[in-house]
Amino acid sequence: MNYFGLFFSFMMPGIILGGMGAIALHQEAQRRAKGKQRVRRAAVPAQRKMQPLSDRTKLYVHDMNAAA
């Protein structure tokens, strides 16, 4: 029996395709995790908008004389 031919015609393509599939699954999991982080970060500024007006005016200086 030709084991050399069996190895290169069945096992090697299986290893390559399996590795490519594993990489694709890993990348998809990372993409979903980043999407969830983006949603969490987008929710944080909505909470910051609820701060009293005096706290927000410290962040934005429209008049340099008022900032001094």
Side-chain angles (χ1 to χ4, degrees):
M1 182 172 247
N2 185 1
Y3 292 108
F4 186 78
L6 287 174
F7 178 78
F8 283 103
S9 63
F10 293 107
M11 188 172 173
M12 289 300 291
I15 291 171
I16 292 169
L17 291 174
M20 289 172 64
I23 290 169
L25 290 173
H26 179 70
Q27 288 176 347
E28 180 65 21
Q30 283 183 335
R31 187 187 66 81
R32 287 185 183 184
K34 286 180 183 179
K36 287 181 182 178
Q37 286 177 355
R38 230 178 273 128
V39 168
R40 280 190 228 123
R41 287 182 190 151
V44 172
Q47 294 171 356
R48 290 183 185 157
K49 290 179 185 176
M50 301 300 286
Q51 293 176 351
L53 184 61
S54 61
D55 292 341
R56 286 189 291 166
T57 55
K58 294 176 186 176
L59 296 175
Y60 305 104
V61 177
H62 297 286
D63 184 12
M64 292 304 290
N65 292 330

Exercise for the section: Output all residues satisfying side chain to side chain contact (heavy atoms under 4.5 Å, CB included) with Phe10, sequence neighbours left out; order by chain, then residue number. Expected result: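 By the side chain to side chain contact (heavy atoms under 4.5 Å, CB included) rule, Phe10 matches Leu6.
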Practice task
Can you measure from CE (Met20) to CD1 (Ile16) and round to the nearest 0.5 angstrom?
Solution key: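 CD1 of Ile16 is found 8.5 Å from CE of Met20.
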Exercise for the section: Could you check if a side-chain atom of Lys36 sits within less than 4.5 angstrom of a side-chain atom of Arg40, using non-hydrogen atoms only? Expected result: yes
Practice task
Output, in order, the C-alpha distance, side-chain angles, deciding distance and verdict of side chain to side chain contact (heavy atoms under 4.5 Å, CB included) for Gln37 and Arg41.
Solution key: CA-CA 6 Å; Gln37 286 177 355; Arg41 287 182 190 151; 4.0 Å; yes
Exercise for the section: Kindly say whether the aromatic ring centers of Phe4 and Phe8 come within a distance under 6.0 Å. Expected result: yes
Handout entry: Of all pairs that satisfy salt bridge (Lys or Arg N to Asp or Glu O under 4.0 Å), the ones with a partner from residues 7-17, not counting sequence neighbours
Key =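 Listed by first then second residue: nothing to list.
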Problem - Within residues 8-26 or reaching into it, pairs that qualify as side chain to side chain donor-acceptor pair (under 3.5 Å) - sequence neighbours excluded - result: His26-Gln30
